[in-house]
Every structure is written in structure tokens, then in C-alpha cells.
Amino acid sequence: MDVNAAVAAVAAIAGVLTGVIAMLAFRWSEREQKRPTRTSLHTDPVLPPGVDTVLSVLRSSAVVLDEADAVVKASSAAYALGLVRGGRLAVEPMLQMARDTRRDGEIRQVELDLPRRGNGRGEALAVSARVAPLGSRLVLLLVEDLTEARRIEAVRRDFVANVSHELKTPVGALSLLSEAVMDAADDPEAVERFAGRMQIEATRLTNLVQELIDLSRVQNDDPLDDAEPVRVDELVAEAIDRCRHAAGTKQITMAAGGTADLHVRGNRGQLAAALGNLVENAVNYSPARTRVGIAARRVAATGGDLIEIAVTDQGIGISEKDKERVFERFYRVDPARSRATGGTGLGLAIVKHVVASHGGEVTVWSAEGQGSTFTLRLPEAGPARDRAQRRSDRAGLSDETERPSASPHASRSSHSPHTSPYETFPAPEVLP
């Protein structure tokens, strides 16, 4: 009996030890499963259902942070703006906002100016940042780039201020002149003199309003909606006729030359206004008894031939610091000359918008005291170019047609088969 009791006791103890060992092994296995492995350390926390899809279609830059401020999800725009670097949010004010929102659950929004990446000129990006809780552990940061919107708003604000200033001048002059007329009611000569000045100011005001309307139209309309082939000869003729009286008063010779029978495609009215503005400026800023030249030619370019129309004067010229700004609205190289000629400062801005909307460009060469050359470059109308080529081939003049002029002011050959609606002048001596 004693032996059996001893065996039973040993068996009981062995069973207890086996159970204890099994329980410890189970607990150790559970702990090992819960311990983060090398792979699990790099596994991103799971986003709530649908959040990933929503973030992928947002226009704003999106960043999702976990409870340790590590980036769980970031859009490509967030990296482009420099918000995320090395898996962390790189903007300290935004990071502090995220921590505060994680602590109290409040939604926060702020506008910040961030340094532009890779730019040492001190320019900044204007952004609007909004932070909100995303579930119980995550924080969502949405950042919108406001830089372009602020630039447009600044341009609009400056434009309104400039328009107000420009309108104030002739309106104020008309008010003062009307008072002067009333005070000089018994002096016919004074009344006539003041009335003449009133007409000048009224004309200036009318021109300013009209050019504001023209500028608004060319900025809002798409000229290619109703585009048509337009003869360059006719545009030049209209520009000359528009300025013939002013040029005759100053004894300025207007000469047209270059290649005939060229065509561009676009809105005829806008193209005529653009070229007319260039010729009018050339006449207004040229001394008496000088010459203004208008020349056209075809030049080869990648993607299709271009038509160059150059307008050259022998006027006061433009300094280097003014060349980059002459196409700005209301900018004047010589304010005193603009007041004398009734210039509004909008003519070249209209030219720039018209040419850009037609797929071309406008450039300027100038030297102080030597004059200026403004050059329009516009795509040639394809069908018109093909017809001109066929006519030249039939006439046996293909070589002459294809050879581009040596300069934008090269004169037309006297035996050219093409006709021009304007009078042929000697080719102008266009500056380089």
C-alpha cells in the first residue's frame, strides 16, 4: 500500500508540474505574439475605412499623424510643399497644432507663410492649415496652397488702385475747368480756351474707359473661338490709316515693307487693335520728321512657320530697367510724354494679352536715343500658307517664296505677283 501511495503521489506531482509548464508555455507564446517584430515595426497603422480613398481625391495636401507624431499617410503634394521630411512633419507650428488637437479634440485652422524649398530669394508660400482628429488615435492635417490666390488678389487690388488714380486725373481736371468756365463767363477767349482743355480731358477719359473695356474683353474672350485667316497686309494697312493724321502732323514718314501675302489665324479685330497700338506708340514717341517702319516676314520654327511683324521707330528709346515693365498695365516709360499724347498706359498690356491668346509672343529691342523695335510673332495660318505655296510653285517663284527675308524690314521684290492693299513705301532702315 505504501508503494502504491508513493507512486500515486509522484504521478500527481508530475501532472501538476506538467500543467504548470504547459500554462507557462502558453503565456510565453501569447507574449511573443504580442511583441512587435522587425516587420511589424514598419507596418503603418490602419486608417479608418474609406479615409484613404477620400484623401486621394482631395485637392489639398493631406498628412495623417499617429499618437507618436509619425506620418501614417501623406499625399504627394505634401512632399512637394516640403511638409513631410524623413517620415516626420517638418513644420513646427503645424506639429504643435496636431498635438493640441490630439489632446483636446478641437479643430484648429491657421494661415502660415512657409519658406519656398530650394529658393534663396526669401520668397514664401502662403498656406492655410486645418487640423482635425481622425478617430481616437490619428490626427488629420489638410494644407491648401494660397500663394497664387494671394498673387491674383494683389494684382486685382493694384489694378483697382491704378484705375482709380487714372480716372481721378481727367475727372479732376474736368471739374476744375468747368469751374474756370463759370468764373470766366464774361470772357469769351477764356471760355474758349478752357473749353478746348475740357475737350482734351474728355477725350483722354473716353480713351481710358475704352481701353479698359478692350483689356477686359481680350482677357476674358477666347479669340480662337471665331478665328479666321487674316491677311497681314490688311492689318498693316489699317494700322497705317489709324495713325496717318498724327504722323502727318509731325511729318513722320510711315513705311511698310517685307514679304507680302502672309496670313495669320485669329480674331481680326483684336489683331488689328494690337498692331494699331504698336504703330500709334511708335508715332507718339518719335520726334518730328523721322520714320516709322512696319515690316512682315515668315520665319521657320519648330512646330510650324511663324509670321513676324516688326514696328520700328527712331524715338526716345527704352532703358534696360524699363524693358521688362513696358507691358505692365498703366506703366509709362515717360509719364510726361504720355500726358502730352493722351496715353493711358494700357496699349502694350493689350498687345501682350492679344498676342498671348493667339499663341504668339511680343518682344522689344530698344536703346536710349536710338529708337525701339517691337516684334509680334504669330503662328502662320496653315491653309493660307499652303495656297501661297501652290501659287508660287505655279509661277515658278518657289525659291523666292521660301527664302526668308534677311531682316524684318527687307523690301518686297518689284516683280512679286502678290498685291497689297496699302501703298508701297521704301523699306525702313530698321535697327538691329
Side-chain angles (χ1 to χ4, degrees), residues 155-219 238-252 254 269-270 272-288 290 292 311 313 315-316 318 322 325-354 372 374:
V155 170
R156 183 183 296 111
R157 186 169 54 250
D158 292 343
F159 180 71
V160 172
N162 288 333
V163 169
S164 301
H165 174 75
E166 295 295 333
L167 290 174
K168 182 180 178 181
T169 301
V171 170
L174 286 172
S175 177
L176 293 174
L177 288 169
S178 64
E179 293 180 4
V181 169
M182 294 177 63
D183 293 339
D186 56 349
D187 187 348
E189 292 183 0
V191 169
E192 183 178 359
R193 184 172 66 255
F194 292 142
R197 289 296 307 168
M198 291 178 69
Q199 287 183 337
I200 294 175
E201 296 298 334
T203 300
R204 178 178 300 173
L205 182 60
T206 301
N207 292 339
L208 176 58
V209 173
Q210 184 59 50
E211 291 203 346
L212 286 172
I213 295 173
D214 293 340
L215 180 60
S216 176
R217 182 179 296 115
V218 300
Q219 287 179 321
E238 290 184 26
I240 290 176
D241 289 339
R242 171 176 169 177
C243 305
R244 193 178 299 278
H245 176 72
T249 302
K250 299 173 67 174
Q251 299 181 24
I252 292 176
M254 289 191 292
Q270 291 189 13
L275 184 58
N277 284 345
L278 290 183
V279 177
E280 186 175 21
N281 273 3
V283 171
N284 288 339
Y285 285 89
S286 293
T290 56
V292 171
V311 179
D313 63 62
I316 61 176
I318 305 172
D322 290 323
R325 301 192 61 188
V326 292
F327 296 102
E328 295 179 11
R329 290 170 293 190
F330 298 111
Y331 186 80
R332 297 179 176 91
V333 175
D334 186 350
R337 177 70 66 89
S338 294
R339 284 192 297 269
T341 60
T344 63
L346 291 174
L348 292 181
I350 293 174
V351 172
K352 179 180 178 180
H353 281 287
V354 169
S372 306
F374 286 84

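Side-chain atoms are counted along with the backbone in the values below, which use heavy atoms only and exclude waters and symmetry mates.
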Starting at [atom1] of [X], measure out to [atom2] of [Y] and round the result to the nearest 0.5 Å.
X	Y	atom1	atom2	answer
Leu176	Glu179	CG	CD	6.0 Å
Thr290	Lys250	OG1	NZ	7.0 Å
Phe194	Glu189	CZ	CD	11.5 Å

Thr249 side-chain N/O to His245 backbone N/O, donor-acceptor pair under 3.5 Å: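 Answer holds: yes.
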Determine yes or no for a side-chain-to-main-chain donor-acceptor pair under 3.5 angstrom, with Asn277 supplying the side chain and Leu348 the backbone.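 Between the backbone of Leu348 and the side chain of Asn277 there is no qualifying donor-acceptor contact (under 3.5 Å).
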Heavy-atom distance under 4.5 Å between the side chains of Val279 and Ile240, does that happen here?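 No. Closest side-chain heavy atoms not under 4.5 Å.
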Close side-chain approach of Ile318 to Phe374, heavy-atom, < 4.5 Å: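 In short, these two side chains touch, coming nearer than 4.5 Å.
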Atom CZ of residue position Arg242 - does it have more than 12 heavy atoms of other residues, nucleotides or ligands inside 6.0 Å?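 Counting other residues, nucleotides and ligands, CZ of Arg242 exceeds 12 neighbours.
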List the atom of [X], the atom of [Y], and the distance in Å for their closest heavy-atom pair.
X	Y	value
Leu174	Ala202	CD2-N, 4.1 Å
Cys243	Gly276	SG-O, 4.3 Å
Pro170	Glu201	CA-OE1, 3.6 Å
Val283	Met254	CG2-SD, 4.3 Å
Ala184	Val191	O-CG2, 2.9 Å
Ala274	Val351	O-CG2, 3.3 Å

